[in-house]
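Following: one structure in structure tokens, then a few remarks.
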Amino acid sequence: MKKIILISFITLLSLTACQEKAPQIVSGREWNAGRNLVADTTSSFLHWDPLIVQLDYGKNFDFDSLKCEIIDESGKVRYSKMTAVSPKMGSYTLQGKKKGSVMTIGDFLRSKKPQTATVRFFAKDSLIVEKNIQVIAEK
């Protein structure tokens with residue numbers, strides 16, 4: 001009986017280890033280059049806050065191009081970028097540059113008004129994942 005329980009436990013552990021994570025978007029104000037990830041993660045920004053967006057695909061990419069869109073609350077695409085990716089990659093980070101610094105959420109949306117924006121990632125014209133972010137009024 002102990003052997004059956006042990007074998008069942010080992011099988012369960014191996015199945016759990018093989019599961020892939022679902023794709024997710026992480027947004028924030030800072031980039032940690034040493035760890036290659038977004039630091040200071042949040043979904044609420046003031047219009048002058050830098051915006052860094054990272055797509056964590058959960059496994060290596062199985063496509064060769066990736067499209068990122070940022071859409072304002074009226075549904076208008078305010079930012080769109082197509083990027084080549086490779087199967088060796090499992091994540092992609094968007095850090096827009098403007099005059100030597102990281103673009104703010106206001107720069108991406110071309111607006112300073114409070115609103116809800118949507119970040120979307122596409123592969124081969126099919127939506128991978130999307131995330132809503134808030135642009136809030138000054139505190």
Side-chain angles (χ1 to χ4, degrees):
M1 184 68 178
K2 288 182 183 180
K3 287 183 180 181
I4 294 173
I5 292 172
L6 182 62
I7 291 171
S8 298
F9 182 71
I10 291 171
T11 304
L12 179 65
L13 281 178
S14 65
L15 289 174
T16 304
C18 294
Q19 289 180 347
E20 296 172 358
K21 296 187 314 183
Q24 68 176 354
I25 296 174
V26 180
S27 59
R29 297 180 188 98
E30 295 179 25
W31 176 249
N32 184 331
R35 298 191 65 203
N36 206 22
L37 56 83
V38 177
D40 187 24
T41 59
T42 186
S43 293
S44 298
F45 297 84
L46 296 171
H47 71 85
W48 63 73
D49 284 336
L51 174 66
I52 300 168
V53 177
Q54 185 173 38
L55 167 66
D56 182 9
Y57 192 58
K59 59 181 180 176
N60 288 353
F61 292 140
D62 48 7
F63 43 85
D64 57 1
S65 64
L66 181 67
K67 182 178 182 181
C68 177
E69 290 183 346
I70 300 178
I71 301 154
D72 66 14
E73 68 184 2
S74 69
K76 187 172 184 178
V77 176
R78 291 299 185 162
Y79 179 86
S80 180
K81 181 178 181 178
M82 184 72 79
T83 304
V85 293
S86 75
K88 295 179 182 179
M89 299 170 66
S91 67
Y92 171 77
T93 304
L94 171 68
Q95 294 184 63
K97 299 289 183 184
K98 182 177 180 182
K99 297 181 183 174
S101 63
V102 177
M103 288 175 65
T104 66
I105 184 64
D107 293 334
F108 279 108
L109 293 173
R110 295 180 230 142
S111 172
K112 294 181 179 182
K113 72 174 190 160
Q115 62 181 300
T116 300
T118 305
V119 178
R120 293 181 180 161
F121 283 96
F122 296 88
K124 300 178 184 172
D125 294 327
S126 82
L127 181 67
I128 298 172
V129 66
E130 68 180 6
K131 178 179 183 172
N132 290 332
I133 57 177
Q134 297 290 327
V135 180
I136 56 177
E138 276 186 48
K139 294 179 180 179

Please report the shortest heavy-atom distance between [X] and [Y], naming the atom on each side.
| X | Y | answer |
| --- | --- | --- |
| V85 | F63 | CG2-O, 3.6 Å |
| H47 | S111 | CB-O, 4.3 Å |
| Y79 | R110 | N-NH2, 4.5 Å |
| V135 | K113 | CG1-O, 3.8 Å |
| L55 | P23 | CD1-CB, 4.5 Å |
| I128 | F122 | CD1-C, 4.0 Å |

Distance (rounded to the nearest 0.5 Å) between [X] [atom1] and [Y] [atom2]:
| X | Y | atom1 | atom2 | value |
| --- | --- | --- | --- | --- |
| I25 | D56 | CD1 | CG | 11.0 Å |
| M82 | L66 | CE | CG | 8.5 Å |
| K81 | F108 | NZ | CZ | 8.5 Å |
| I105 | K112 | CD1 | NZ | 14.0 Å |
| S80 | K67 | OG | NZ | 4.0 Å |
| R120 | K131 | CZ | NZ | 15.0 Å |

Shared hydrophobic cluster for [X] and [Y] (ILVMFWY, side-chain gaps under 4.5 Å):
| X | Y | result |
| --- | --- | --- |
| V53 | M89 | yes |
| L37 | V26 | no |
| M103 | L94 | yes |
| L127 | I71 | no |

(message) So does A33 get a backbone contact from the side chain of N36, meaning a donor-acceptor N/O pair under 3.5 Å?
(response) no
(message) Strictly distance-based, threshold 3.5 Å: is any side-chain N or O of S27 a donor or acceptor partner for the main-chain N or O of T42?
(response)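 Yes; at least one donor-acceptor contact below 3.5 Å.
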(message) Looking only at the side chains, is there a donor atom on one of Y57 and D62 sitting less than 3.5 Å from an acceptor on the other?
(response) yes
(message) I'd like to know if the side chain of T118 pairs up with that of E130 as donor and acceptor (distance under 3.5 Å, no hydrogens or angles considered).
(response)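 Short answer, no.
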(request) Can you establish whether the number of heavy atoms outside K88 located under 6.0 Å from its atom NZ is more than 12? (result)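 12 or below, so no.
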(message) A quick test of your reading: do over 12 heavy atoms of other residues, nucleotides or ligands sit less than 6.0 Å from CZ of R35?
(response) no
(message) Between E30 and V38, is the side chain to side chain contact (heavy atoms under 4.5 Å, CB included) condition met? List the steps.
(response) CA-CA 6 Å; E30 295 179 25; V38 177; over 6 Å; no
(message) Would T104 and L46 count as a side chain to side chain contact (heavy atoms under 4.5 Å, CB included) here? Give the steps.
(response) CA-CA 9 Å; T104 66; L46 296 171; over 6 Å; no
(message) For I70 and L109: C-alpha separation, side-chain torsions, deciding distance, then whether side chain to side chain contact (heavy atoms under 4.5 Å, CB included) applies.
(response) CA-CA 7 Å; I70 300 178; L109 293 173; 3.7 Å; yes
(message) Does this structure show an ion pair linking E73 with R78, if we count only N-O contacts that are shorter than 4.0 Å?
(response) no
